[in-house]
Amino acid sequence: MKGRVHYVSPKGCAEMVAEAIAREIKIVKEPLLPAYMPENIILMFLGCEGTKADKTTMEFIRSLNVKRVENAALFCCNPKKSNAAIEEMRAALKAQGINVLDQSFVCTGKGFLSGKMPSDADLEAARKFAADCVKTVMHD
């Protein structure tokens, strides 16, 4: 399956989740700055940090279309257990015509502000999320 993981990670948390996802399903992980434009991607994982989607992520989404990305799975890292960033990304991706999977992943580890997030349990949950997303796309 042709896939990719893109993320914005100023604190390093989303990058750690992206790495776990990429290793689990053997796809490329790449930060959004700089990033090669995806082409013919069956499943793209897209992640950020915080309770709102950042400007870079939203600009990236606006550059996408269904020829570039068919399906998207979303993740974010924040200590407030908020899925607001995911919902913001979901709405923007759907506006571009991209199918967004129902399942998403919010990493809420306890050490977010001290830089100790994600935990091993968070990363294991991210790997399971990735595998579940692939199963969903392959069954559609």
Side-chain angles (χ1 to χ4, degrees):
M1 180 195 70
K2 192 169 179 185
R4 198 175 266 196
V5 183
H6 287 291
Y7 60 93
V8 172
S9 186
K11 292 183 174 24
C13 303
E15 182 175 9
M16 291 174 70
V17 171
E19 179 69 27
I21 290 169
R23 285 181 183 239
E24 178 67 21
I25 58 175
K26 297 171 180 55
I27 61 174
V28 173
K29 106 175 149 69
E30 187 174 12
L32 282 185
L33 289 177
Y36 291 106
M37 261 311 180
E39 294 292 339
N40 303 313
I41 299 295
I42 295 171
L43 177 58
M44 176 186 69
F45 290 85
L46 183 60
C48 65
E49 295 176 357
T51 55
K52 289 185 69 176
D54 57 274
K55 181 179 174 182
T56 301
T57 299
M58 296 308 289
E59 286 175 2
F60 177 72
I61 289 171
R62 284 189 286 277
S63 72
L64 299 175
N65 60 50
V66 293
K67 290 182 180 176
R68 292 180 188 257
V69 176
E70 189 176 327
N71 299 284
L74 306 174
F75 66 95
C76 72
C77 298
N78 70 69
K80 296 184 179 183
K81 300 181 183 178
S82 170
N83 67 347
I86 286 174
E87 292 309 316
E88 191 177 358
M89 291 186 292
R90 180 185 310 278
L93 284 160
K94 285 185 174 185
Q96 298 299 102
I98 296 167
N99 179 54
V100 181
L101 303 187
D102 290 336
Q103 61 259 58
S104 60
F105 179 70
V106 178
C107 183
T108 60
K110 297 183 189 316
F112 185 72
L113 296 176
S114 63
K116 295 179 182 172
M117 182 179 130
S119 68
D120 290 343
D122 293 326
L123 296 176
E124 181 57 36
R127 288 188 284 273
K128 182 180 181 326
F129 162 69
D132 290 346
C133 289
V134 169
K135 287 177 191 169
T136 297
V137 168
M138 299 312 277
H139 287 122
D140 284 351

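On a predicted model such as this, the values are computed, not experimentally measured, just so you know.
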With rounding to the nearest 0.5 angstrom, report the CD1 to CD distance, I61 to Q96.
8.5 Å
What's the shortest heavy-atom distance between G3 and I41, and which atoms?
CA-CG2, 3.9 Å
Reported CD1-to-CG distance for the pair I98 and N71, which is rounded to 0.5 angstrom:
9.5 Å
Test side-chain contact (heavy atoms from CB on, under 4.5 Å) on V106 and F75; report intermediate values, then the result.
CA-CA 6 Å; V106 178; F75 66 95; over 6 Å; no
Would M37 end up clustered with L43 when hydrophobic side chains under 4.5 Å apart are linked, directly or stepwise?
no
Which distance, rounded to the nearest 0.5 Å, do you find between the CD of E49 and the SG of C76?
9.5 Å
E24 versus A131, closest heavy-atom pair with distance:
OE2-CB, 4.1 Å
Using the rule that Ile, Leu, Val, Met, Phe, Trp and Tyr join whenever any side-chain heavy atoms are under 4.5 Å apart, tell me whether I25 and V28 fall into a single cluster.
no
Same cluster or not: M58 versus Y7, using hydrophobic residues (I, L, V, M, F, W, Y) connected whenever any side-chain heavy atoms lie under 4.5 Å apart?
no
D132 and L101, any side-chain heavy atoms less than 4.5 Å apart:
no
K81 NZ to T51 OG1 distance, which is reported to the nearest 0.5 Å
15.0 Å
Check: E15 and P31 side chains under 4.5 Å, non-hydrogen atoms:
no
With a 4.5 Å cut-off on side-chain heavy atoms, are T136 and Q103 touching?
yes
So, are E88 and K52 salt-bridged, with charged N and O less than 4.0 Å apart?
no
Residue set satisfying side-chain contact (heavy atoms from CB on, under 4.5 Å) with S104, at least two apart, ordered chain then number -> I86, R90
Side-chain heavy atoms of K2 within contact of N40, under 4.5 Å:
yes
Taking side chain as C-beta onward, heavy atoms only, is I42 less than 4.5 Å from V69?
no
L46 vs V5, side-chain contact (heavy atoms from CB on, under 4.5 Å): CA-CA, chis, key distance, verdict:
CA-CA 6 Å; L46 183 60; V5 183; over 6 Å; no
Check ion pair E19-K29 (N to O, under 4.0 angstrom)
yes
The single option from P118, P79, C13 passing side chain to side chain contact (heavy atoms under 4.5 Å, CB included) against C107
P118
Once you round to the nearest 0.5 Å, how far does SG of C133 lie from CE of M138?
13.0 Å
Residues passing the ring pair (Phe, Tyr, Trp, His ring centres under 6.0 Å) test with F129, sequence neighbours excluded, are F45, F105
Please evaluate residues D122 and V17 with respect to the criterion side-chain contact (heavy atoms from CB on, under 4.5 Å), reporting the C-alpha separation (whole Å), side-chain torsions for both, the decisive distance (0.1 Å), and the verdict.
CA-CA 8 Å; D122 293 326; V17 171; 5.9 Å; no
Which heavy atom of P38 sits nearest a heavy atom of L64, and at what distance?
CG-CD2, 3.8 Å
Count the heavy atoms belonging to other residues, nucleotides or ligands that lie under 6.0 Å from CG of N65, then report whether that count exceeds 12.
yes
Out of curiosity, H6 NE2 to L32 CG, how far, rounded to the nearest 0.5 Å?
6.5 Å
R127 versus L123: any side-chain heavy-atom pair under 4.5 Å?
yes
Considering all heavy atoms of both residues, which atom of R68 and which atom of S63 are nearest to each other, and what is their separation?
NE-O, 3.5 Å
